[in-house]
Amino acid sequence: MPSKQDVGLAIKRLQWRHHREANRRMTTQVGVSLVQWDVLRRIHQSPDLSLHALAEATFQTDQSMGELSKRMIKSGLIERVDGAGRAVRHRLTEAGLAAYQAGSGIADEVLDETVGTLTAKERATLFDLIVKALAD
């Protein structure tokens with residue numbers, strides 16, 4: 001019977017494998033890092049997120065998200081748009097949308113190599129167990 005530490009380590013190892021491989025492929029094939037792709041994904045999913053909410057959604061500090069967004073604007077992946085009050089919002093450029101879509105294909109490929117080897121029922125069970133463990 002695996003211990004709780006064994007389970008925790010297995011989860012971390014799988015996450016690290018996904019992160020490392022997706023980042024390698026996205027960097028070489030698309031020209032964006034996994035972190036940049038995650039920002040593109042979040043903006044695509046929720047274009048009205050404030051910079052602070054975008055930082056939280058991508059597991060970054062406000063300061064690091066601010067610096068990353070500046071670099072992504074400079075590289076033509078995203079652009080700033082006015083929001084309510086002083087809020088800063090972002091939207092994908094055509095290049096950003098293309099990078100998001102290409103990166104999504106890579107993310108799916110990486111996940112196919114791991115969780116994709118599970119049956120649909122096993123994936124559903126794994127998902128339910130993870131959601132249960134995350135519940136507050």
Side-chain angles (χ1 to χ4, degrees):
M1 174 79 61
S3 71
K4 289 178 272 186
Q5 288 183 16
D6 292 336
V7 173
L9 182 58
I11 291 168
K12 181 64 177 176
R13 288 181 66 208
L14 181 61
Q15 185 273 336
W16 179 242
R17 179 177 170 183
H18 290 156
H19 181 94
R20 190 178 60 243
E21 187 58 23
N23 189 63
R24 184 188 68 75
R25 292 183 197 182
M26 286 182 195
T27 301
T28 58
Q29 296 174 29
V30 183
V32 298
S33 68
L34 178 61
V35 172
Q36 290 172 316
W37 173 79
D38 192 31
V39 170
L40 296 172
R41 178 172 61 114
R42 295 298 182 167
I43 292 172
H44 184 264
Q45 291 172 339
S46 302
D48 290 329
L49 289 179
S50 68
L51 191 64
H52 174 72
L54 189 56
E56 286 183 336
T58 57
F59 306 101
Q60 298 183 62
T61 65
D62 289 356
Q63 182 178 357
S64 63
M65 184 64 244
E67 290 302 313
L68 179 58
S69 70
K70 288 178 190 175
R71 291 192 308 272
M72 292 177 75
I73 289 167
K74 189 174 182 177
S75 66
L77 296 169
I78 61 174
E79 58 189 3
R80 285 195 172 148
V81 293
D82 290 332
R86 298 183 337 169
V88 175
R89 309 278 190 238
H90 297 86
R91 91 173 127 217
L92 302 182
T93 63
E94 285 186 33
L97 179 59
Y100 159 69
Q101 291 170 335
S104 292
I106 290 170
D108 288 342
E109 289 172 6
V110 170
L111 293 169
D112 280 345
E113 296 166 7
T114 58
V115 295
T117 64
L118 303 174
T119 67
K121 185 176 179 181
E122 289 170 333
R123 281 193 310 274
T125 299
L126 177 61
F127 180 79
D128 290 344
L129 292 171
I130 291 171
V131 168
K132 181 179 179 179
L134 287 171
D136 292 326

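In this text, all values refer to a predicted model and were calculated from it rather than measured experimentally.
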**Q** Return the CD1 to CD1 distance between I78 and I43, rounded to the nearest 0.5 Å.
**A**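 Output value for this atom pair is 4.5 Å.
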**Q** Taking ring pair (Phe, Tyr, Trp, His ring centres under 6.0 Å) as the definition, give me every residue that meets it alongside H52, ordered by chain and number, with sequence neighbours left out.
**A**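 Applying ring pair (Phe, Tyr, Trp, His ring centres under 6.0 Å) to H52 gives none.
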**Q** Is Q15 atom CD crowded by more than 12 heavy atoms from other residues, nucleotides or ligands, each under 6.0 Å away?
**A**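 Yes - once you tally the heavy atoms of other residues, nucleotides and ligands closer than 6.0 Å, there are more than 12.
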**Q** Would you call V110 and R17 a side-chain contact if the rule is heavy atoms closer than 4.5 Å?
**A**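 A side-chain contact is absent here, since even the closest heavy-atom pair is not under 4.5 Å.
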**Q** Walk me through it: do Q60 and T58 pass the test side chain to side chain donor-acceptor pair (under 3.5 Å)?
**A** CA-CA 6 Å; Q60 298 183 62; T58 57; 3.0 Å; yes
**Q** Return the set of residues passing salt bridge (Lys or Arg N to Asp or Glu O under 4.0 Å) with R71 (not counting sequence neighbours), or none when no residue passes.
**A**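 In terms of salt bridge (Lys or Arg N to Asp or Glu O under 4.0 Å), with neighbours along the sequence ignored, R71 is linked to no residue.
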**Q** Take D128 and T125 through the side chain to side chain donor-acceptor pair (under 3.5 Å) test and state the conclusion after the steps.
**A** CA-CA 5 Å; D128 290 344; T125 299; 5.8 Å; no
**Q** Would you name the heavy atoms of A57 and D38 that are closest together and state the gap between them?
**A**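 Taking every non-hydrogen atom into account, O-OD2, 4.4 Å.
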**Q** If you take all heavy atoms of T27 and S33, which pair is closest and at what distance?
**A**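 Closest approach of T27 to S33, heavy atoms only: OG1-CA, 3.9 Å.
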**Q** What is the distance from atom CG of L97 to atom CZ of R91, rounded to the nearest 0.5 Å?
**A**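 Output value for this atom pair is 13.0 Å.
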**Q** Just how far is it from atom CE of M65 to atom OG of S50, taken to the nearest 0.5 Å?
**A**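 Interatomic distance, M65 CE to S50 OG, rounded to 0.5 Å: 10.5 Å.
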**Q** Answer yes if L111 and M26 sit in the same cluster of Ile, Leu, Val, Met, Phe, Trp and Tyr residues linked by side chain heavy atoms under 4.5 Å apart, and no otherwise.
**A**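 No, it is not one cluster - the side chains of L111 and M26 are not joined through contacts under 4.5 Å.
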**Q** Output the distance between atom CG (D48) and atom CG (L54), rounded to the nearest 0.5 Å.
**A**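 D48 CG to L54 CG: 12.0 Å, rounded to 0.5 Å.
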**Q** In Å and rounded to the nearest 0.5 Å, what is the CG to OG1 distance from L77 to T93?
**A**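 Rounded to the nearest 0.5 Å, the CG-OG1 separation comes to 5.5 Å.
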**Q** Hey, are the side chains of L14 and H18 touching, using non-hydrogen atoms and a 4.5 Å cut-off?
**A**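 Answer yes - side chains close enough.
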**Q** If you round to the nearest 0.5 Å, how far is CG of L40 from CE of M72?
**A**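 Nearest 0.5 Å value for the CE-CG distance: 3.5 Å.
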**Q** Please check if I11 and F59 belong to a single hydrophobic cluster, counting links between Ile, Leu, Val, Met, Phe, Trp and Tyr side chain heavy atoms closer than 4.5 Å.
**A**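 Shared cluster, no.
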**Q** Check the hydrophobic clustering (I, L, V, M, F, W, Y; side-chain heavy atoms under 4.5 Å; chains of links allowed) and say if L126 and L134 are grouped together.
**A**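 Looking at the clustering, L134 is in the same group as L126.
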**Q** Specify the closest pair of heavy atoms between R89 and P47, including all atoms of both residues, with the distance to one decimal.
**A**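 Looks like CB-O, 4.3 Å.
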**Q** What is the minimum heavy-atom distance between Y100 and W37, and which atoms define it?
**A**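 Heavy-atom minimum between the residues: O-NE1, 3.0 Å.
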**Q** Kindly give the heavy-atom pair with the smallest separation between L34 and N23, and that separation in Å.
**A**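 Nearest heavy atoms, L34 then N23: N-OD1, 2.8 Å.
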**Q** Between S69 and R80, what is the shortest heavy-atom contact and its length?
**A**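 That closest heavy-atom pairing would be OG-NH2, 3.5 Å.
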**Q** In terms of heavy-atom contacts, does CD of Q63 have more than 12 from other residues, nucleotides or ligands at under 6.0 Å?
**A**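 Atom CD in Q63 is not packed in, count stays at 12 or less.
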